[in-house]
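Structure first, commentary second.
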Amino acid sequence: MVTKSKVIQLHDKSFEEFITAEQLQKRVDEIGEVLSRRFEGKCPVFISILKGSFIFTADLMRATNIPCEVAFTQLSSYDGLGSTGTVQTKLNLDVTLKNRHVIIAEDIIDTGNTMKHFLLELQKYNPASVHLVTLLLKPEALQHALDIEYVGFEIPNKFVVGYGLDYNEHGRNLKGIYQLKE
Ligand code: IMP
Ligand code: MG
């Protein structure tokens with residue numbers, strides 16, 4: 001998506017810029033505007049899936065102009081460059097979601113294991129409605145039928161970092177999204 005290649009090194013791997021900070025901001029602003037119209041008067045609760053979604057959630061919330069709240073949970077299924085298949089809850093939600101409109105802000109949906117697991121978890125809280133927003137989606141990797149309402153960018157099935165996403169905890173502070181260089 002960018003013409004001039006910006007290459008960076010994290011641990012033992014090289015990554016190449018794939019989505020610029022400007023492209024990310026533009027898309028996040030667009031989704032924020034849509035959410036503002038859709039959830040006007042509903043005071044939605046954004047649920048940010050840590051750690052990867054913290055930057056996306058912060059930008060997405062600020063791209064809306066309606067009263068809203070935020071809550072955090074930490075789920076984990078990735079180890080290095082691959083999904084382990086089992087989803088662990090490392091931080092529990094601390095909000096009452098009963099009768100609330102919930103917007104899940106996820107950084108990336110890969111196999112969909114994490115989201116499938118979390119959507120089932122959420123049902124226990126009896127929310128009024130649940131809406132799924134993901135900044136990135138790897139359609140070729142998806143293994144579950146998920147109702148994803150808003151997708152920032154569909155990307156190829158290659159490992160990416162930046163804008164909150166990590167490779168073994170590094171790279172989260174990159175302003176753009178970078179793709180693993182083979
Ligand atoms: P899934 O359960 O396979 O859909 O993976 C979801 C989680 O794995 C995301 O929330 C990320 O934390 C992590 N993940 C998946 N793909 C990538 C990637 O390309 N780079 C960094 N993290 C990823
Ligand atoms: Mg991660």
Side-chain angles (χ1 to χ4, degrees), residues 1-2 5-21 23-24 27-28 31 45-61 70-93 102-123 130-182:
M1 291 192 190
V2 282
S5 88
K6 268 198 222 166
V7 177
I8 53 121
Q9 182 81 18
L10 297 172
H11 299 294
D12 56 336
K13 306 242 180 284
S14 302
F15 295 83
E16 195 163 19
E17 192 173 37
F18 177 60
I19 307 175
T20 66
Q23 289 169 324
L24 289 170
R27 188 71 187 113
V28 172
I31 299 173
V45 185
F46 284 89
I47 297 184
S48 182
I49 314 291
L50 298 175
K51 298 178 189 173
S53 299
F54 78 112
I55 293 178
F56 175 49
T57 309
D59 283 349
L60 185 62
M61 279 191 87
V70 68
F72 300 92
T73 186
Q74 186 173 0
L75 307 172
S76 179
S77 72
Y78 245 60
D79 185 17
L81 298 176
S83 178
T84 62
T86 52
V87 183
Q88 260 185 301
T89 304
K90 293 186 163 179
L91 175 73
N92 282 306
L93 281 168
V102 171
I103 303 171
I104 303 170
E106 177 63 305
D107 53 352
I108 184 164
I109 297 178
D110 182 31
T111 62
N113 284 334
T114 306
M115 258 317 116
K116 191 184 171 223
H117 173 93
F118 185 62
L119 288 168
L120 279 173
E121 274 292 299
L122 262 189
Q123 293 315 312
V130 175
H131 310 266
L132 181 52
V133 182
T134 187
L135 177 68
L136 305 172
L137 173 68
K138 292 178 183 168
E140 297 157 38
L142 196 60
Q143 292 174 13
H144 304 282
L146 294 174
D147 181 10
I148 310 170
E149 291 182 35
Y150 305 97
V151 176
F153 299 88
E154 291 195 358
I155 62 169
N157 193 7
K158 284 190 184 169
F159 191 78
V160 290
V161 293
Y163 196 71
L165 288 100
D166 72 303
Y167 167 46
N168 284 341
E169 296 303 326
H170 287 196
R172 297 194 195 275
N173 57 335
L174 292 163
K175 291 191 173 75
I177 296 284
Y178 288 69
Q179 194 177 56
L180 182 65
K181 240 169 102 82
E182 308 297 346

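In what follows, residues are counted from 1 in the order of the sequence shown. Counting starts at 1 for both ligands and their atoms, following the listed order.
The atoms of ligand 1 that sit less than 4.0 Å from any heavy atom of Asn113 are 2 (O), 4 (O). The contact set between ligand 1 and Ser77, taken as ligand atoms under 4.0 Å from a residue heavy atom, comprises 2 (O). Residue Lys138 has at least one heavy-atom neighbour below 4.0 Å for each of these atoms of ligand 1: 16 (N), 17 (C), 18 (C), 19 (O). Distances below 4.0 Å separate heavy atoms of Leu165 from the following atoms of ligand 1: 20 (N), 21 (C), 22 (N).
In Glu106, the part holding a heavy atom less than 4.0 Å from any atom of ligand 1 is the side chain.
Of the N or O atoms in Ile109, none lie within a sub-3.5 Å distance of an N or O in ligand 1. Between Asp166 and ligand 1, not a single N/O pair is under 3.5 Å apart.
With distances taken over non-hydrogen atoms, the option nearest atom 21 (C) of ligand 1 out of Val161, Val160, Leu180 is Val160.
Within the model, atoms OG1 of Thr114 and CD of Glu106 stand 6.5 Å from one another, a figure rounded to the nearest 0.5 Å. Taking OH of Tyr178 as the start and OG1 of Thr20 as the end, the distance is 9.5 Å to the nearest 0.5 Å. Put simply, CG on Leu132 and CG on Leu146 are 6.5 Å apart, with the number rounded to the nearest 0.5 Å. Atom-to-atom distance recorded for Leu174:CG and Tyr167:OH is 14.5 Å, nearest 0.5 angstrom.
None of Val70, Leu122, Thr57, Val130 except one satisfies the side-chain contact (heavy atoms from CB on, under 4.5 Å) rule with Ile47; the exception is Leu122.
Residue contact check for ligand 1: Asp107 places a non-hydrogen atom closer than 4.0 Å to it. At least one heavy atom of Gly112 sits closer than 4.0 Å to an atom of ligand 1.
Remark: the backbone N or O of Ile49 is not paired with any side-chain donor or acceptor of Thr73 at under 3.5 angstrom. Under a 3.5 Å cut-off, the side chain of Ser53 and the backbone N or O of Asp107 do form a donor-acceptor pair.
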